[in-house]
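Have a look at this one before I ask anything.
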Amino acid sequence: MGESEYLNESVLELIGLRKRFGDHQALEGLDLKVPAGSCYALLGPNGAGKTTTLNILLGFIEADAGTARVDGVDVQANPAKARTRIAYIPEQVQLYPRLSGFENLEYFHGLGSSEAEPAARLRDCLNQAGLAEGDCDRRVAGYSKGMRQKVGIAIALARRAPVMLLDEPTSGLDPQAAWELNNSLRSLAKQGVTMLMATHDLFRAREVASRIGILVNGCLQQEIDPAEVAGPELEARYLQEVQQALGVQA
Ligand SMILES: Nc1ncnc2c1ncn2[C@@H]1O[C@H](COP(=O)(O)OP(=O)(O)OP(=O)(O)O)[C@@H](O)[C@H]1O
Ligand SMILES: [Mg+2]
(Lines give C-alpha, C1' and ligand atoms only; values in the text may rest on other atoms or scores of the structure.)
(Ligands and ions follow the chains in the order given, each with its own letter.)
Protein backbone atom coordinates (compact mmCIF):
# COMPACT_ATOMS: atom_id res chain seq x y z
CA MET A 1 0.00 0.00 0.00
CA GLY A 2 1.51 3.31 -1.03
CA GLU A 3 1.16 6.60 0.81
CA SER A 4 -0.88 7.92 -2.10
CA GLU A 5 -3.74 5.60 -1.14
CA TYR A 6 -4.26 7.59 2.04
CA LEU A 7 -4.50 11.06 0.59
CA ASN A 8 -8.21 11.11 1.30
CA GLU A 9 -8.66 12.07 4.89
CA SER A 10 -11.79 9.95 5.11
CA VAL A 11 -11.15 6.67 3.37
CA LEU A 12 -14.75 5.60 3.87
CA GLU A 13 -17.42 8.20 3.31
CA LEU A 14 -21.18 7.78 3.31
CA ILE A 15 -23.31 10.80 2.50
CA GLY A 16 -27.10 10.81 2.78
CA LEU A 17 -27.34 7.10 2.05
CA ARG A 18 -30.92 5.84 1.63
CA LYS A 19 -32.20 2.36 0.95
CA ARG A 20 -35.73 1.01 0.90
CA PHE A 21 -36.79 -2.64 0.70
CA GLY A 22 -40.46 -2.77 -0.32
CA ASP A 23 -42.23 -0.56 2.21
CA HIS A 24 -39.40 -0.74 4.72
CA GLN A 25 -36.93 2.14 4.85
CA ALA A 26 -33.70 0.36 5.87
CA LEU A 27 -31.42 3.43 5.65
CA GLU A 28 -32.78 6.91 6.27
CA GLY A 29 -30.02 9.22 5.05
CA LEU A 30 -26.93 7.82 6.68
CA ASP A 31 -23.86 10.07 6.99
CA LEU A 32 -20.67 8.47 8.21
CA LYS A 33 -16.94 9.04 7.80
CA VAL A 34 -14.03 6.82 8.70
CA PRO A 35 -10.57 8.43 8.68
CA ALA A 36 -7.57 6.55 7.28
CA GLY A 37 -6.06 3.92 9.55
CA SER A 38 -8.89 3.88 12.04
CA CYS A 39 -11.57 1.42 13.04
CA TYR A 40 -15.24 2.45 13.19
CA ALA A 41 -17.69 0.18 15.00
CA LEU A 42 -21.32 0.31 13.95
CA LEU A 43 -23.57 -0.82 16.78
CA GLY A 44 -27.30 -1.24 16.50
CA PRO A 45 -30.16 -3.65 17.10
CA ASN A 46 -31.16 -6.41 14.68
CA GLY A 47 -32.52 -4.86 11.50
CA ALA A 48 -30.91 -1.45 12.13
CA GLY A 49 -29.28 -1.40 8.69
CA LYS A 50 -25.67 -2.38 9.50
CA THR A 51 -25.33 -5.19 6.95
CA THR A 52 -27.25 -3.12 4.39
CA THR A 53 -24.61 -0.39 4.81
CA LEU A 54 -21.77 -2.89 4.27
CA ASN A 55 -23.59 -4.44 1.29
CA ILE A 56 -23.87 -1.03 -0.38
CA LEU A 57 -20.15 -0.37 0.15
CA LEU A 58 -19.39 -3.80 -1.31
CA GLY A 59 -21.59 -3.09 -4.33
CA PHE A 60 -23.80 -6.09 -3.52
CA ILE A 61 -26.85 -3.81 -3.46
CA GLU A 62 -27.46 -0.31 -4.81
CA ALA A 63 -28.47 2.63 -2.66
CA ASP A 64 -31.64 4.54 -3.67
CA ALA A 65 -29.96 7.86 -2.93
CA GLY A 66 -26.79 9.28 -1.49
CA THR A 67 -23.11 8.60 -2.07
CA ALA A 68 -20.75 5.94 -0.81
CA ARG A 69 -17.03 6.44 -1.40
CA VAL A 70 -14.25 3.97 -0.72
CA ASP A 71 -10.74 5.35 -0.85
CA GLY A 72 -12.04 8.21 -2.96
CA VAL A 73 -13.88 5.90 -5.39
CA ASP A 74 -17.65 6.35 -5.82
CA VAL A 75 -19.13 2.87 -5.31
CA GLN A 76 -22.21 3.43 -7.45
CA ALA A 77 -20.31 4.98 -10.36
CA ASN A 78 -17.40 2.57 -10.27
CA PRO A 79 -18.25 -0.58 -8.29
CA ALA A 80 -15.48 -2.78 -9.72
CA LYS A 81 -12.78 -0.23 -8.89
CA ALA A 82 -14.21 0.33 -5.40
CA ARG A 83 -14.25 -3.43 -4.82
CA THR A 84 -10.47 -3.64 -5.46
CA ARG A 85 -9.96 -1.39 -2.42
CA ILE A 86 -11.94 -3.63 -0.06
CA ALA A 87 -11.33 -6.79 1.88
CA TYR A 88 -14.49 -8.25 3.40
CA ILE A 89 -14.81 -10.54 6.38
CA PRO A 90 -18.35 -11.95 6.60
CA GLU A 91 -19.69 -13.40 9.83
CA GLN A 92 -19.29 -16.94 8.49
CA VAL A 93 -16.05 -17.20 6.57
CA GLN A 94 -16.76 -19.77 3.83
CA LEU A 95 -13.82 -22.07 3.13
CA TYR A 96 -13.28 -25.42 1.44
CA PRO A 97 -13.31 -28.00 4.25
CA ARG A 98 -11.17 -30.53 2.38
CA LEU A 99 -8.36 -28.04 1.81
CA SER A 100 -5.97 -26.83 4.49
CA GLY A 101 -5.96 -23.25 5.77
CA PHE A 102 -2.91 -22.54 3.62
CA GLU A 103 -4.49 -24.11 0.50
CA ASN A 104 -7.68 -22.10 1.02
CA LEU A 105 -5.64 -18.93 1.25
CA GLU A 106 -3.69 -19.86 -1.88
CA TYR A 107 -6.94 -20.62 -3.74
CA PHE A 108 -8.93 -17.53 -2.71
CA HIS A 109 -5.97 -15.24 -3.17
CA GLY A 110 -5.38 -16.68 -6.64
CA LEU A 111 -8.99 -15.90 -7.61
CA GLY A 112 -8.59 -12.21 -6.98
CA SER A 113 -5.04 -11.71 -8.14
CA SER A 114 -3.32 -12.19 -11.47
CA GLU A 115 0.12 -12.60 -9.90
CA ALA A 116 1.18 -15.69 -7.98
CA GLU A 117 2.15 -14.84 -4.43
CA PRO A 118 5.23 -16.46 -2.89
CA ALA A 119 4.20 -19.19 -0.45
CA ALA A 120 6.34 -17.57 2.25
CA ARG A 121 4.31 -14.36 2.06
CA LEU A 122 1.02 -16.26 2.29
CA ARG A 123 2.32 -18.13 5.32
CA ASP A 124 3.31 -14.81 6.81
CA CYS A 125 -0.29 -13.59 6.36
CA LEU A 126 -1.60 -16.65 8.23
CA ASN A 127 0.95 -16.00 10.91
CA GLN A 128 -0.03 -12.33 11.20
CA ALA A 129 -3.69 -13.34 11.41
CA GLY A 130 -2.75 -15.46 14.41
CA LEU A 131 -3.25 -18.97 13.02
CA ALA A 132 -0.89 -21.35 14.84
CA GLU A 133 1.93 -22.70 12.66
CA GLY A 134 0.85 -26.28 13.25
CA ASP A 135 -2.72 -25.59 12.07
CA CYS A 136 -1.92 -24.01 8.68
CA ASP A 137 -1.57 -27.35 6.87
CA ARG A 138 -4.46 -29.14 8.59
CA ARG A 139 -7.76 -29.57 6.79
CA VAL A 140 -10.22 -26.76 7.50
CA ALA A 141 -12.91 -29.40 8.26
CA GLY A 142 -11.32 -29.69 11.70
CA TYR A 143 -11.05 -25.92 12.32
CA SER A 144 -12.98 -23.99 14.96
CA LYS A 145 -14.91 -20.84 14.00
CA GLY A 146 -12.06 -18.67 15.33
CA MET A 147 -9.53 -20.51 13.17
CA ARG A 148 -11.68 -20.05 10.05
CA GLN A 149 -11.98 -16.37 10.92
CA LYS A 150 -8.19 -16.15 11.00
CA VAL A 151 -7.93 -17.63 7.50
CA GLY A 152 -10.47 -14.96 6.43
CA ILE A 153 -8.26 -12.27 7.93
CA ALA A 154 -5.21 -13.78 6.19
CA ILE A 155 -7.07 -13.70 2.84
CA ALA A 156 -7.84 -10.05 3.50
CA LEU A 157 -4.22 -9.32 4.47
CA ALA A 158 -2.85 -11.01 1.36
CA ARG A 159 -4.99 -8.68 -0.80
CA ARG A 160 -3.28 -5.62 0.69
CA ALA A 161 -6.60 -3.78 0.48
CA PRO A 162 -6.64 -0.38 2.18
CA VAL A 163 -10.18 -0.95 3.53
CA MET A 164 -11.59 -3.81 5.54
CA LEU A 165 -15.30 -4.36 6.15
CA LEU A 166 -16.28 -6.78 8.88
CA ASP A 167 -19.77 -8.05 9.68
CA GLU A 168 -20.06 -9.23 13.30
CA PRO A 169 -16.52 -10.57 13.39
CA THR A 170 -16.56 -11.61 17.05
CA SER A 171 -19.95 -13.31 16.97
CA GLY A 172 -19.57 -16.84 18.29
CA LEU A 173 -15.90 -16.44 19.16
CA ASP A 174 -14.69 -17.33 22.66
CA PRO A 175 -13.15 -14.46 24.68
CA GLN A 176 -9.58 -15.52 23.86
CA ALA A 177 -10.35 -15.74 20.12
CA ALA A 178 -12.16 -12.37 20.22
CA TRP A 179 -9.20 -10.84 22.03
CA GLU A 180 -6.81 -12.24 19.40
CA LEU A 181 -9.02 -10.91 16.61
CA ASN A 182 -8.95 -7.47 18.21
CA ASN A 183 -5.15 -7.62 18.35
CA SER A 184 -5.05 -8.41 14.63
CA LEU A 185 -7.40 -5.50 13.89
CA ARG A 186 -5.33 -3.10 15.98
CA SER A 187 -2.18 -4.13 14.16
CA LEU A 188 -3.96 -3.64 10.81
CA ALA A 189 -5.00 -0.14 11.86
CA LYS A 190 -1.35 0.59 12.70
CA GLN A 191 -0.45 -0.50 9.16
CA GLY A 192 -2.90 2.08 7.84
CA VAL A 193 -5.89 -0.16 7.07
CA THR A 194 -9.25 1.57 7.51
CA MET A 195 -11.98 -0.60 9.02
CA LEU A 196 -15.75 -0.49 9.33
CA MET A 197 -17.18 -3.19 11.52
CA ALA A 198 -20.78 -4.08 12.27
CA THR A 199 -21.03 -5.62 15.71
CA HIS A 200 -23.21 -6.35 18.75
CA ASP A 201 -20.16 -6.69 20.96
CA LEU A 202 -20.04 -3.41 22.92
CA PHE A 203 -17.11 -4.57 25.02
CA ARG A 204 -14.87 -5.48 22.08
CA ALA A 205 -16.04 -2.48 20.04
CA ARG A 206 -14.89 -0.19 22.83
CA GLU A 207 -11.49 -1.90 22.89
CA VAL A 208 -10.70 -1.75 19.20
CA ALA A 209 -12.66 1.12 17.65
CA SER A 210 -11.62 4.75 17.61
CA ARG A 211 -15.23 5.74 16.97
CA ILE A 212 -18.53 4.04 17.71
CA GLY A 213 -21.78 4.85 15.92
CA ILE A 214 -25.19 3.79 17.18
CA LEU A 215 -27.49 3.02 14.27
CA VAL A 216 -31.21 2.58 14.88
CA ASN A 217 -33.89 2.33 12.17
CA GLY A 218 -31.35 3.30 9.51
CA CYS A 219 -30.34 6.53 11.29
CA LEU A 220 -27.11 7.25 13.10
CA GLN A 221 -28.38 8.34 16.51
CA GLN A 222 -25.11 9.06 18.23
CA GLU A 223 -21.35 8.89 17.72
CA ILE A 224 -19.14 8.11 20.67
CA ASP A 225 -15.41 8.36 21.30
CA PRO A 226 -14.71 5.12 23.18
CA ALA A 227 -11.81 6.73 25.03
CA GLU A 228 -14.33 9.00 26.74
CA VAL A 229 -16.79 6.39 28.01
CA ALA A 230 -16.39 3.47 30.38
CA GLY A 231 -17.99 0.14 29.42
CA PRO A 232 -21.12 0.47 31.59
CA GLU A 233 -21.73 4.01 30.32
CA LEU A 234 -21.45 2.85 26.72
CA GLU A 235 -24.03 0.15 27.42
CA ALA A 236 -26.34 2.63 29.13
CA ARG A 237 -26.10 5.09 26.24
CA TYR A 238 -26.68 2.31 23.71
CA LEU A 239 -29.76 1.00 25.53
CA GLN A 240 -31.14 4.51 25.97
CA GLU A 241 -30.79 5.28 22.25
CA VAL A 242 -32.32 2.00 21.18
CA GLN A 243 -35.22 2.14 23.65
CA GLN A 244 -35.96 5.76 22.79
CA ALA A 245 -35.87 5.14 19.05
CA LEU A 246 -37.94 1.98 19.27
CA GLY A 247 -40.33 3.45 21.84
CA VAL A 248 -39.58 0.73 24.40
CA GLN A 249 -40.11 1.43 28.08
CA ALA A 250 -36.89 0.87 30.05
N1 LIG B 1 -32.59 -8.09 0.58
C2 LIG B 1 -33.51 -7.63 1.42
N3 LIG B 1 -34.83 -7.65 1.10
C4 LIG B 1 -35.76 -7.16 1.93
N5 LIG B 1 -35.49 -6.60 3.12
C6 LIG B 1 -34.21 -6.55 3.50
C7 LIG B 1 -33.15 -7.06 2.67
N8 LIG B 1 -31.97 -6.85 3.31
C9 LIG B 1 -32.28 -6.26 4.48
N10 LIG B 1 -33.61 -6.07 4.59
C11 LIG B 1 -34.29 -5.42 5.73
O12 LIG B 1 -33.63 -4.20 5.99
C13 LIG B 1 -33.50 -3.98 7.39
C14 LIG B 1 -32.05 -3.85 7.76
O15 LIG B 1 -31.42 -5.11 7.64
P16 LIG B 1 -29.89 -5.35 7.94
O17 LIG B 1 -29.58 -6.73 7.55
O18 LIG B 1 -29.10 -4.27 7.32
O19 LIG B 1 -29.83 -5.19 9.54
P20 LIG B 1 -28.62 -5.40 10.54
O21 LIG B 1 -28.43 -4.11 11.27
O22 LIG B 1 -27.45 -5.95 9.83
O23 LIG B 1 -29.22 -6.47 11.55
P24 LIG B 1 -28.55 -7.70 12.33
O25 LIG B 1 -27.97 -7.13 13.58
O26 LIG B 1 -29.71 -8.61 12.62
O27 LIG B 1 -27.55 -8.33 11.43
C28 LIG B 1 -34.21 -5.16 8.05
O29 LIG B 1 -35.52 -4.77 8.34
C30 LIG B 1 -34.19 -6.23 6.99
O31 LIG B 1 -35.30 -7.10 7.12
MG1 LIG C 1 -26.42 -7.73 9.91
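Along the sequence shown, residues carry numbers from 1. As the structure lists them, so they are numbered: ligands from 1, and atoms in each ligand from 1.
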Show me which atoms of ligand 1 lie under 4.0 Å from any heavy atom of A48. 19 (O), 20 (P), 21 (O)

Flag T51 as yes if one of its N/O/S atoms falls below 2.8 Å of the Mg ion (ligand 2), otherwise no. yes

Check whether any N or O atom of F21, backbone or side chain, sits under 3.5 Å from an N or O atom of ligand 1, and answer yes or no.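 No, there is no polar N/O contact under 3.5 Å.
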
min-distance protein heavy atom vs atom 27 (O) of ligand 1 -> E168 OE2, 3.2 Å

Is D137 paired with R123 through a side-chain N to carboxylate O contact shorter than 4.0 Å?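 A salt bridge is present here (some side-chain N lies under 4.0 Å from a carboxylate O).
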
Salt-bridge test for R237 and E241: reply yes if a basic N is under 4.0 Å from a carboxylate O, no otherwise.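 Answer for the salt bridge query: no.
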
Test side-chain contact (heavy atoms from CB on, under 4.5 Å) applied to I61 and F21, step by step: CA-CA 11 Å; I61 56 174; F21 295 108; 3.9 Å; yes

Determine, for D124 against R121, whether the closest basic-nitrogen to carboxylate-oxygen distance falls under 4.0 angstrom.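 No, D124 and R121 are not salt-bridged.
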
Can you find a heavy atom in the side chain of Q221 that is under 4.5 Å from one in the side chain of Q244? no

Pull out every atom of ligand 1 sitting under 4.0 Å from any heavy atom of G49, numbered as shown with elements.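 Every atom of ligand 1 under 4.0 Å from some heavy atom of G49: 14 (C), 18 (O), 19 (O), 20 (P), 21 (O).
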
Which atoms of ligand 1 are found less than 4.0 Å from any heavy atom of T52?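 Ligand 1 atoms under the 4.0 Å threshold to T52: 9 (C), 14 (C), 15 (O), 16 (P), 18 (O).
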
With a 4.0 Å cut-off on heavy atoms, does H200 reach ligand 1? yes

Any idea which protein heavy atom is nearest atom 26 (O) of ligand 1, and the distance to it?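 Its nearest protein heavy-atom neighbour is N46 ND2, 2.9 Å.
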
Under 4.0 Å from a heavy atom of T51: give me the atoms of ligand 1 that qualify, with their elements.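 Contacts of ligand 1 toward T51, numbered from 1: 17 (O), 18 (O), 20 (P), 22 (O), 27 (O).
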
Look only at the side chain of R85 and the backbone of V11, and say whether a donor-acceptor pair between them is shorter than 3.5 Å. no

Short check: is a protein heavy atom less than 4.0 Å from atom 7 (C) of ligand 1? yes

Under 4.0 Å and counting heavy atoms only, is there anything from the protein next to atom 31 (O) of ligand 1? no

For the pair Y96 and F108, name the ring-plane relationship: parallel under 30°, tilted 30 to 60°, perpendicular over 60°.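 Aromatic pair Y96/F108 classed parallel.
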
Using atom types as modelled and distance alone, determine if a side-chain donor or acceptor of Q149 lies under 3.5 Å from a backbone N or O of P169.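 Confirmed, Q149 side chain pairs with P169 backbone.
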
If you have a sec, work out which protein heavy atom is nearest atom 23 (O) of ligand 1 and how many Å separate them, to one decimal?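 Ranked first by proximity to atom 23 (O) of ligand 1 is G47 N, 2.8 Å.
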
Below 4.0 angstrom from a heavy atom of H24, which ligand 1 atoms are there? Numbered from 1 as shown, please.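 Here the atoms of ligand 1 in question are 12 (O), 13 (C), 29 (O).
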
When you measure from atom 21 (O) of ligand 1 to every protein heavy atom, which one gives the shortest distance, and what is it? K50 NZ, 2.7 Å

With a 4.0 Å cut-off on heavy atoms, is A198 touching ligand 1? no

Between A26 and ligand 1, does any nitrogen or oxygen pair lie at a separation below 3.5 Å?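 No, A26 has no N/O under 3.5 Å of an N/O on ligand 1.
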
Expected output: side-chain D174 to main-chain Q176 donor-acceptor under 3.5 Å: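 Yes, the answer is positive, given that a donor and an acceptor are paired below the 3.5 Å cut-off.
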
4.5 Å side-chain heavy-atom contact, L181 and R204: no

